Protein chains: 2
Amino acid sequence: MKNECIDCPCIVKYFRTLNKCQAEELGNNHVVVRFKKGYPIIKQGTFSTNVLFLRKGLVKIHITGPYREQIVRLIKRPSYLGLPTTIGDKINQYSITALLDCEVCFIDLNIFNRMLEQNKDFSNYILLELCRSEVESFRHCANRTQKQLRGNLADVLIDFSENIFESNKFLLPLSQSEIGNLVDTTRESVCRVLSEFMSDGIIRMEGKKIEILNTRSLKMISQNG
Amino acid sequence: MKNECIDCPCIVKYFRTLNKCQAEELGNNHVVVRFKKGYPIIKQGTFSTNVLFLRKGLVKIHITGPYREQIVRLIKRPSYLGLPTTIGDKINQYSITALLDCEVCFIDLNIFNRMLEQNKDFSNYILLELCRSEVESFRHCANRTQKQLRGNLADVLIDFSENIFESNKFLLPLSQSEIGNLVDTTRESVCRVLSEFMSDGIIRMEGKKIEILNTRSLKMISQNG
DNA sequence: AAGAAAAAGTGATACAAATCACAAAATGAT
DNA sequence: ATCATTTTGTGATTTGTATCACTTTTTCTT
């Protein structure tokens, strides 16, 4: 499963284009690991000494709450994974699981820290990343708790089409109970609302393939709960 | 309202004790502002070029959601305020309001950035702060959406007595509708549950003064929803 | 390709909390 | 001290969603 790679295109290439730091610093101090769809990348409660960078695929960040599993957010490439916990106390506060086949760079924490220290642009960039992601979490959370089911589901569908797949037609890589975990509801309720959306002609479903037929309606539903 | 202060004890003193950076760097590049209970310190959507440090008092972080006001968290001194937004895109993503009389240091963002650049320990400290607060947000959010009202209210009371006032007897600086905004429910429901807690002998109330009579019960309620 | 396991669909029922509607009490302003 | 305003307390009713129970369909395994 593991395979070393000296000249892999992940963050090295990413930084080269963004001009964020000397890509050379990484050298072969990182490793690319492939994860098949559905496999865990990080497990809540475990110890971590690597910074992860998602160079291919899509993952979910989820935490085991008091009663059910809760999906906090989805992250698509290219992006760092779990920065706050790796930089923080090293104990992973959440799990990360592959929703599609993924390729993840594991960067040694020492190297990462050296980069942080030596490169102002880079550390600035990381700081900004953290800020953005916290604000993002706030918004996400506020929306979810204030809207009701139809609104939240509409949001998920819109988000998928706009940000995750950038098309109105996509293969939803989540089961209905996973969608439930994302919008804080049960599998059954997700099913019911999706059926409603279908019979209202807002979406069309074929297995896990979803096509959004009426984005305007979805946005309306998103707005008035 | 405003008054300059060259030798104020806020962050200067704070850093001196924590040995996080040369307190001198701040010099008189910061200003202390006092806010009376109930007054807004930062308003969502406004532009900010200062880093804030709460040296006295208690504040709420709240965002105007699609339907109601939502309190994201309470912050007591000593603590930075709104770091992610000030460091980020400078537009405040949430409001901050004084719950008790407060004193806040306004530090010029340029100075703050210079400190970040020049002092490794300091920037490390800020990085850690950000990480901690993000993870904290996750947990808070997950708990709230998974438990039901009684559990959430119990949590708020426990949090107040343990972290905010460090005593079982406190003057609750929130109205019932504010508590509602904190646990995502209505004023009426908060009232009802508090009454229940009273008649169960778990708490005692005199106006806004709340005394916790049975912490064990509260923890039980917190645990099993 | 066949059988097992997981996911999806859907009705009936239960229930926590929202909403509405007032009255009582507390707090602030003049 | 008095009046106005904001908070609190509580009942009656509605409602969105959870829960339970079962069937059908899809997906995975060997």
Side-chain angles (χ1 to χ4, degrees), chain A residues 36-39 60 65-71 97 99-101 144-154 156-157 171-200 203-210 221-222 224-225, chain B residues 36-39 65-71 97 99-100 144-156 171-200 203-210 221-222 224-225:
Chain A
K36 281 215 170 293
K37 177 178 171 168
Y39 280 75
K60 63 173 174 181
Y67 299 103
R68 72 180 96 94
E69 196 68 11
Q70 181 156 10
I71 299 182
T97 302
L99 292 177
L100 300 173
D101 290 353
R144 245 199 355 237
T145 52
Q146 289 192 27
K147 292 182 185 179
Q148 53 201 66
L149 219 155
R150 285 168 61 85
N152 284 327
L153 248 180
V156 167
L157 293 176
L171 187 84
L172 200 111
L174 295 170
S175 70
Q176 291 184 355
S177 47
E178 280 179 308
I179 300 176
N181 293 338
L182 186 58
V183 297
D184 296 314
T185 189
T186 59
R187 194 214 99 219
E188 294 94 325
S189 298
V190 170
C191 182
R192 272 184 249 274
V193 174
L194 283 180
S195 301
E196 273 174 52
F197 285 176
M198 271 187 76
S199 56
D200 293 354
I203 60 172
R204 213 161 58 83
M205 290 169 69
E206 273 178 63
K208 298 218 158 220
K209 219 171 267 165
I210 291 191
I221 291 169
S222 155
N224 73 61
Chain B
K36 282 216 170 290
K37 176 177 170 169
Y39 280 74
Y67 298 103
R68 70 180 97 95
E69 197 67 11
Q70 182 156 9
I71 299 182
T97 302
L99 291 176
L100 300 173
R144 246 199 354 236
T145 53
Q146 289 192 28
K147 291 184 187 179
Q148 54 201 66
L149 218 155
R150 286 168 61 85
N152 284 326
L153 247 180
D155 283 341
V156 166
L171 187 82
L172 201 112
L174 295 170
S175 69
Q176 292 184 354
S177 48
E178 279 179 307
I179 300 176
N181 293 338
L182 187 58
V183 297
D184 295 315
T185 189
T186 59
R187 195 215 98 216
E188 294 95 323
S189 299
V190 170
C191 183
R192 271 184 250 274
V193 174
L194 284 180
S195 300
E196 272 175 53
F197 285 176
M198 271 186 75
S199 55
D200 293 353
I203 60 172
R204 213 161 60 81
M205 289 169 69
E206 275 178 60
K208 297 218 157 221
K209 217 171 270 167
I210 291 192
I221 291 168
S222 157
N224 73 59

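To find a chain, count down the sequence lines: A is the first, B the second, and so on, and within it residues start at 1. All of these numbers come straight from a predicted model, not from anything done at the bench.
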Check: K209(B) side chain, L172(B) main-chain N or O, donor-acceptor pair, under 3.5 Å: no
Looking only at heavy atoms, what is the nearest atom pair of [X] and [Y], with distance?
| X | Y | answer |
| --- | --- | --- |
| P173(B) | L99(B) | CB-O, 3.8 Å |
| Y39(B) | T97(B) | O-CG2, 3.4 Å |
| Y67(A) | Q146(B) | N-OE1, 2.9 Å |

Approximate separation, where rounding is to 0.5 Å, of S222(B) OG and N152(B) CG: 8.5 Å
Inter-residue atom distance E196(A).CD - I203(A).CD1, 0.5 Å rounding: 10.5 Å
First and last nucleotide of DNA chain C, 5' to 3', lying under 4.0 Å from heavy atoms of chain B: dA16(C) to dC20(C)
For E69(A), all residues meeting side-chain hydrogen bond (donor to acceptor under 3.5 Å, both in side chains), sequence neighbours excluded: H62(A), T64(A)
Contact pattern, 5' to 3', of nucleotides 5-24 of chain D - B, S or - by protein heavy atom under 4.0 Å: ---BBBBB---SSSBB----
Helix axis bend for the helix from dA1(C)-dT30(D) to dT30(C)-dA1(D) - C1'-based end axes, five pairs, 10° rounding: 70°
Results of side chain to side chain contact (heavy atoms under 4.5 Å, CB included) for K37(A) - residues two or more places apart only: D101(A)
Close side-chain approach of M205(B) and L194(B), heavy atoms under 4.5 Å: yes
Exercise answer: donor-acceptor pairs, residues 174-186 of chain B side-chain atoms, under 3.5 Å, sequence neighbours excluded:
residue	atom	partner	partner atom	Å
S175(B)	OG	S177(B)	N	3.4
S175(B)	OG	S177(B)	OG	3.3
S175(B)	OG	E178(B)	N	3.2
E178(B)	OE1	S175(B)	N	3.0
E178(B)	OE2	K60(B)	NZ	2.7
D184(B)	OD1	R68(B)	NH1	3.4
D184(B)	OD1	Q70(B)	NE2	3.0
D184(B)	OD2	R144(B)	NE	2.7
D184(B)	OD2	R144(B)	NH2	3.4
T186(B)	OG1	S189(B)	N	3.3
T186(B)	OG1	S189(B)	OG	3.0

